[in-house]
Amino acid sequence: MKTHRIELFGIPFDVVNTHHALLKLHYYSQVSLGEQYFCVTPNPEMIVYASKHPAFFRILKDADFSLPDGTGILWASGFLPPLELQKLSSSRRKKMWKIFLDGVRSLWQFTFDRKNFRGRIFARITGTDMFGDFLATSQAKIFLLGGAPLSAKTLAENFPNIVGYYDGKVTSEKSAAILEHIKNSDARVLFVALGSPKQEMWISEHLSKIPNIRFAMGVGGAFDFIAGKRKRAPFWMQRAGLEWLFRLLREPKRIVRIFRATVSFFFLALRERQKLL
């Protein structure tokens with residue numbers, strides 16, 4: 001199942017809607033033994049982190065399936081120029097203050113005139129939504145790794161195809177035992193909820209050691225949300241791109257992470273646009 005891909009910040013994104021993304025995950029869960037796929041859901045915070053950590057950048061770049069988890073990614077897909085408009089001559093680069101004004105104008109249109117905003121990615125697809133939809137529609141055997149205490153247990157009690165879980169602390173010393181547990185479960189699908197970048201780095205390091213797994217995917221706080229252990233932002237806030245505000249109001253300690261996902265990401269996009277034009 002081929003999908004159209006574009007590249008933002010050097011990282012590929014698959015341009016799909018939620019329905020086709022779910023079909024892709026179902027396809028991955030049914031491939032033959034020996035095939036393995038790694039799915040990621042980059043958001044603005046992850047992009048900022050990847051810009052400073054080459055190993056994590058490589059993980060995102062090499063992933064088999066990449067879904068845009070964040071309205072900032074949708075905005076960047078319109079603000080950053082497509083390949084055919086990119087110029088390599090540094091003599092043609094705009095000054096940063098002009099790029100800044102372009103960015104402010106672009107954000108304004110994206111926020112208040114979305115229907116006329118020309119982005120190349122048209123849908124935000126979150127790890128939580130993909131996890132919930134997959135649980136509701138698949139009979140594939142699933143293993144859950146991570147999440148808050150009792151979240152995975154609650155899900156396993158309600159979904160019989162969850163054949164194993166581990167919600168204890170994940171350390172390098174415990175990895176061998178965890179891998180053995182996953183192998184013994186005979187699961188085909190692995191969802192990891194350790195938060196980024198830990199979950200992606202864990203999958204990248206260990207996926208090849210658990211050959212029964214057909215695809216693995218990091219899903220952040222999805223276990224806690226779906227199990228009802230944490231409250232997610234109202235739908236209207238999710239749709240408006242204000243989920244970060246909801247989390248900030250409930251968890252003020254997240255302010256550093258939210259700063260990276262908003263302000264730092266905006267200025268990273270400005271530098272990327274200047275580099276590409």
Side-chain angles (χ1 to χ4, degrees), residues 1-6 11-43 46 59-70 73-74 121-147 151-152 155-156 158-166 182-183 185-204 206-227 232 238:
M1 295 179 64
K2 292 184 178 180
T3 58
H4 173 59
R5 288 194 137 189
I6 68 167
I11 294 168
F13 286 87
D14 290 275
V15 183
V16 293
N17 58 29
T18 301
H19 174 70
H20 287 101
L22 184 60
L23 287 179
K24 189 86 167 183
L25 296 189
H26 282 301
Y27 168 75
Y28 286 153
S29 71
Q30 297 167 11
V31 297
S32 303
L33 182 66
E35 292 185 67
Q36 291 187 306
Y37 297 90
F38 183 8
C39 308
V40 295
T41 58
N43 60 32
M46 293 166 65
I59 289 173
L60 296 183
K61 187 174 181 62
D62 292 345
D64 299 293
F65 197 39
S66 180
L67 300 173
D69 185 350
I73 303 298
L74 273 60
I121 298 177
F122 49 84
R124 174 184 179 228
I125 304 176
T126 70
T128 296
D129 290 337
M130 280 292 93
F131 173 66
D133 290 346
F134 190 84
L135 272 184
T137 58
S138 176
Q139 295 303 312
K141 295 180 179 179
I142 298 170
F143 192 98
L144 306 181
L145 174 60
S151 290
L155 292 171
N158 289 279
F159 294 92
N161 55 321
I162 296 177
V163 295
Y165 64 87
Y166 179 86
I182 296 172
K183 282 189 278 189
S185 73
D186 199 32
R188 281 175 165 260
V189 177
L190 172 64
F191 288 106
V192 183
L194 300 177
S196 186
K198 184 176 181 179
Q199 60 194 15
E200 288 81 18
M201 296 178 76
W202 195 94
I203 294 171
S204 177
H206 298 292
L207 181 57
S208 63
K209 304 171 187 175
I210 36 178
N212 55 298
I213 296 297
R214 271 51 165 194
F215 88 79
M217 182 175 180
V219 292
F223 298 176
D224 306 336
F225 291 132
I226 302 299
R232 197 176 179 191
Q238 297 177 41

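Nothing fancy with the numbering, it's 1 onward along the sequence.
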What is the minimum heavy-atom distance between [X] and [Y], and which atoms define it?
| X | Y | answer |
| --- | --- | --- |
| Pro68 | Ala123 | CG-O, 3.4 Å |
| Ala21 | Val16 | CB-CG2, 3.9 Å |
| Met130 | Leu25 | SD-CD1, 4.0 Å |
| Asn212 | Leu33 | CA-CD1, 4.2 Å |
| Ser66 | Pro12 | OG-O, 2.9 Å |
| Ala222 | Gly127 | CB-O, 4.4 Å |

Would Ser151 and Asp224 satisfy side-chain hydrogen bond (donor to acceptor under 3.5 Å, both in side chains), going step by step from the backbone distance to the final call? CA-CA 5 Å; Ser151 290; Asp224 306 336; 2.7 Å; yes
Contacts of Asp14 meeting salt bridge (Lys or Arg N to Asp or Glu O under 4.0 Å) (sequence neighbours excluded), chain-then-number -> Arg5
Residue pairs involving residues 28-39 (criterion salt bridge (Lys or Arg N to Asp or Glu O under 4.0 Å); sequence neighbours excluded): none
Name all pairs fulfilling the salt bridge (Lys or Arg N to Asp or Glu O under 4.0 Å) condition that reach into residues 207-216, sequence neighbours left out, sorted by first residue then second. none
With sequence neighbours excluded, what pairs up with Tyr165 under the ring-ring contact (aromatic ring centres under 6.0 Å, His included) test? none
Sequence-distant partners of Phe215, ring-ring contact (aromatic ring centres under 6.0 Å, His included), two or more places apart: Phe134, Phe191
Within the structure provided, determine whether [X] and [Y] are in side-chain contact (heavy-atom separation under 4.5 Å).
| X | Y | answer |
| --- | --- | --- |
| Tyr37 | Val31 | yes |
| Phe159 | Ile142 | no |
| Thr41 | Ile125 | no |
| Thr137 | Leu22 | yes |

With rounding to the nearest 0.5 angstrom, report the [atom1] to [atom2] distance, [X] to [Y].
| X | Y | atom1 | atom2 | value |
| --- | --- | --- | --- | --- |
| Leu190 | Ser29 | CG | OG | 13.5 Å |
| His19 | Asp133 | NE2 | CG | 11.0 Å |
| Gln139 | Gln30 | CD | CD | 11.0 Å |

Give a yes or no on whether the backbone of [Y] and the side-chain of [X] come within a donor-acceptor separation of less than 3.5 Å.
| X | Y | answer |
| --- | --- | --- |
| Glu200 | Ile59 | no |
| Asp64 | Phe38 | yes |
| Ser138 | Leu135 | no |
| Gln36 | Ile210 | yes |

Pair Phe122-Val15, side chain to side chain contact (heavy atoms under 4.5 Å, CB included): steps then yes or no: CA-CA 8 Å; Phe122 49 84; Val15 183; 3.4 Å; yes
Run Thr18 and Asp129 through side chain to side chain contact (heavy atoms under 4.5 Å, CB included) and show every step you take. CA-CA 9 Å; Thr18 301; Asp129 290 337; 5.6 Å; no
Start with the C-alpha distance between Ile213 and Val189, add both sets of side-chain angles, then the distance that settles side chain to side chain contact (heavy atoms under 4.5 Å, CB included), and finish with yes or no. CA-CA 5 Å; Ile213 296 297; Val189 177; 5.9 Å; no
Would a line drawn from the ring center of Phe131 to the ring center of Phe223 be shorter than 6.0 Å? yes
Who passes side chain to side chain contact (heavy atoms under 4.5 Å, CB included) against Val163, sequence neighbours left out? Lys141, Ser185, Ala187
Test side chain to side chain contact (heavy atoms under 4.5 Å, CB included) applied to Ile11 and Ile6, Asp62, Leu60, Ile73, the passing residue: Leu60
Applying side chain to side chain contact (heavy atoms under 4.5 Å, CB included), run through Leu145 and Trp202 and close with a yes or a no. CA-CA 10 Å; Leu145 174 60; Trp202 195 94; 3.8 Å; yes
